[in-house]
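Read the structure below first, then the notes.
Below, chain A is the first sequence line, B the second, and so on; all start at residue 1. Computed over heavy atoms, backbone and side chain alike; hydrogens, waters and symmetry mates excluded.
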There are 2 protein chains.
Amino acid sequence: MPTDAVEDYLKAIYRIESRAGPPVSTSQIAGALDKTPATVTSMVETLSERGLLSREKYTGVELTPAGEVAALEVVRRHRLIEAFLAEQLDYEATEVHDEADALEHHVSEEFTRRVERVLDYPAADPHGDPIPPADLSTPEDAGTALVAALAPGERGTVARISDRDPDVLEFLVDAGITPGTTVEVVDVASFGLVTVRTSDGDEHGLPEAVADRVYVRRAAESSAAGDGQEASDA
Amino acid sequence: MPTDAVEDYLKAIYRIESRAGPPVSTSQIAGALDKTPATVTSMVETLSERGLLSREKYTGVELTPAGEVAALEVVRRHRLIEAFLAEQLDYEATEVHDEADALEHHVSEEFTRRVERVLDYPAADPHGDPIPPADLSTPEDAGTALVAALAPGERGTVARISDRDPDVLEFLVDAGITPGTTVEVVDVASFGLVTVRTSDGDEHGLPEAVADRVYVRRAAESSAAGDGQEASDA
DNA sequence: TAGACTTTTTTGACTGGTCTAAACTAATAG
DNA sequence: CTATTAGTTTAGACCAGTCAAAAAAGTCTA
């Protein structure tokens, strides 16, 4: 059985991978978990010995298939618990996260399934993130984080907005970025600002915090960039 | 903040104290927690250094007031979670215990209060054990375990039956032992059998597992035993 | 009251997770 | 192409919690 710490690492790596893709660096993990880099190094080493991560020294790690399964189990529990807290105990969407972080390591499979059933198999948690079903299949229509999916010049279709914050939602609606619309990434600045062009030709600057919430599916064939060097993300 | 292990020890000691009274021996704790006696010795030492237990070597430990407060917090969470699982997630009374054992260490005060509110301030968990309110006051009408409260020859009034098992309940009803009736302890055999006399004069043998479920309040003055050497239990 | 037996404590060791400080790599700017 | 710097790993230490084996204390019985 994985310990709490192991589950935390796996979940953090999963989250970073799905936002920025592998490899995931020591310092990214350290930042996400508020641990020292030295601690992370020793943990990722034991995790890769256990076959949960593949690791290249000084470069970073990537979840193996086994690691991804384990991570998805945690993510599933986490999001179901969040949904449960919001629905059944009237938590605000902003309050559920910490509680779910503590509980996710200690609920049984039985509990998870009962919650899922009582909630009638919810598709997403209160933040809009999809809840993996019991078989841990990743619904392909969930899309990929904007900057991870699209290199500058590429176009994609907005799959969902992973947020419930009215301000964020309004900002994106005003920019014409809603599920189903087409966006092209024009530029990703070093300081996080993502410039996108919407179908009507307008360009909008998205702060990192907002861009991170936009999930897209890549358009079948891009106009500019010739095929061949697609990002290698599983 | 107490760790999971600390809370487990405190809860176990509380439970043993309330069934058999202090002092609580190393081996009793070891048995309840499925740990070796050596482990228990070292843990009760650190717990008494922290002021949660008072300890006398080779004799046993007793919860200090601070220890009792900490134990009651855990018991409160445990029982509320049990009630919650049974009510909201349709768990059977027999299934709730293990899940609650895992969760009790990781729910916030906020969670506890919300659950309590949704359940409309339940008085008892699915086993019939009273749920301490937020101020941790022990309702005095909860009574004390039969053998702890009454020495042979003493009489008391049944306060409650801490069980929901139909067989146990039926057995006790047949014996005329229900809340409000008066019982006198005739004898406590070494192998656990407790012989009690009910108000109609009949004697009944209660196996340990059943007797443990009967909680009583001691009658104001016993008939036979002269006053003076009352058990010293807080 | 002197074993014999039971229970408790001591001792020493180990695991998992963490940290600080020091050493090392890799990337980058001259 | 080297020197600086940012990031990573190693080395060594520590804490909480646990155990097995051995020593000590307490208890019971003949």
Side-chain angles (χ1 to χ4, degrees), chain A residues 1-13 16-17 20-62 67 70-71 74 101-102 104-106 190-192, chain B residues 1-13 16-17 20-62 67 70-71 74 101-102 104-106 189-191:
Chain A
M1 289 297 95
T3 62
D4 295 11
V6 166
E7 292 192 343
D8 282 337
Y9 279 85
L10 257 15
K11 189 181 57 163
I13 293 166
I16 296 166
E17 265 189 21
V24 178
S25 74
T26 298
S27 54
Q28 282 177 303
I29 301 169
L33 294 174
D34 199 27
K35 299 273 147 68
T36 64
T39 301
V40 172
T41 296
S42 85
M43 189 54 145
V44 296
E45 187 170 352
T46 76
L47 257 26
S48 75
E49 275 163 14
R50 286 212 226 166
L52 269 4
L53 300 177
S54 64
R55 170 162 116 103
E56 193 177 347
K57 273 195 190 176
Y58 294 100
T59 302
V61 299
E62 180 174 2
V74 183
D101 259 0
E104 67 190 6
H105 308 301
H106 304 100
S190 61
F191 49 91
Chain B
M1 290 297 95
T3 62
D4 296 10
V6 166
E7 292 191 343
D8 282 336
Y9 278 85
L10 258 15
K11 189 181 57 164
I13 293 165
I16 296 166
E17 265 189 23
V24 177
S25 73
T26 298
S27 53
Q28 283 177 302
I29 301 169
L33 258 22
D34 198 27
K35 298 273 147 69
T36 65
T39 300
V40 172
T41 295
S42 85
M43 189 55 146
V44 295
E45 188 170 351
T46 77
L47 257 25
S48 76
E49 276 164 15
R50 286 211 226 167
L52 269 3
L53 300 176
S54 64
R55 170 161 114 103
E56 193 177 347
K57 273 194 190 177
Y58 293 101
T59 302
V61 297
E62 180 173 3
V74 183
D101 260 0
E104 67 191 5
H105 309 300
H106 304 100
S190 60
F191 50 90

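The distance from the OG1 atom of B:T41 to the CD1 atom of B:I29 is 8.5 Å, given to the nearest 0.5 Å.
The side-chain contact (heavy atoms from CB on, under 4.5 Å) test applied to B:D101 returns B:K11, B:H78, B:H97, B:E104, not counting sequence neighbours. Applying the ring pair (Phe, Tyr, Trp, His ring centres under 6.0 Å) criterion to A:H106, with sequence neighbours excluded, gives B:H106. A search for side chain to side chain donor-acceptor pair (under 3.5 Å) contacts involving B:T3 returns nothing, not counting sequence neighbours. Judged as a side-chain contact (heavy atoms from CB on, under 4.5 Å), and not counting sequence neighbours, A:S42 has no contacts. Under the side-chain contact (heavy atoms from CB on, under 4.5 Å) criterion, B:A12 pairs with B:A32, B:L33, sequence neighbours left out.
Following rounding to the nearest Å, A:I29 (CD1) and C:dG17 (P) show an atom-to-atom distance of 15 Å. Counting to the nearest Å, the P atom of C:dG17 and the CG atom of A:D8 are 10 Å from each other.
Residue contacts for B:S27: at a heavy-atom cut-off of 4.0 Å it reaches the sugar-phosphate backbone alone, with no base atom in range.
Screening residues 44-60 of chain B for side chain to side chain donor-acceptor pair (under 3.5 Å) gives no qualifying pairs among residues at least two apart or on separate chains. Applying the side chain to side chain donor-acceptor pair (under 3.5 Å) definition to pairs two or more places apart or across chains, those involving residues 21-38 of chain A are A:S25-A:S27, A:S25-A:Q28, A:T36-A:T39.
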With 3.5 Å as the limit, what N/O pairs link the protein to nucleotides 24-29 of chain D?
from, atom 1, to, atom 2, distance (Å)
D:dA25, O4', B:Y58, OH, 3.4

Inset, instruction - Produce a footprint string for nucleotides 15-22 of chain D: one letter per nucleotide, 5' end first; B if the base is under 4.0 Å from any protein heavy atom, S if only the sugar-phosphate is, - if neither. - result: --SBBBB-
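An OP1 or OP2 oxygen of D:dT9 is reached within less than 4.0 angstrom by a side-chain nitrogen or oxygen of A:T26.
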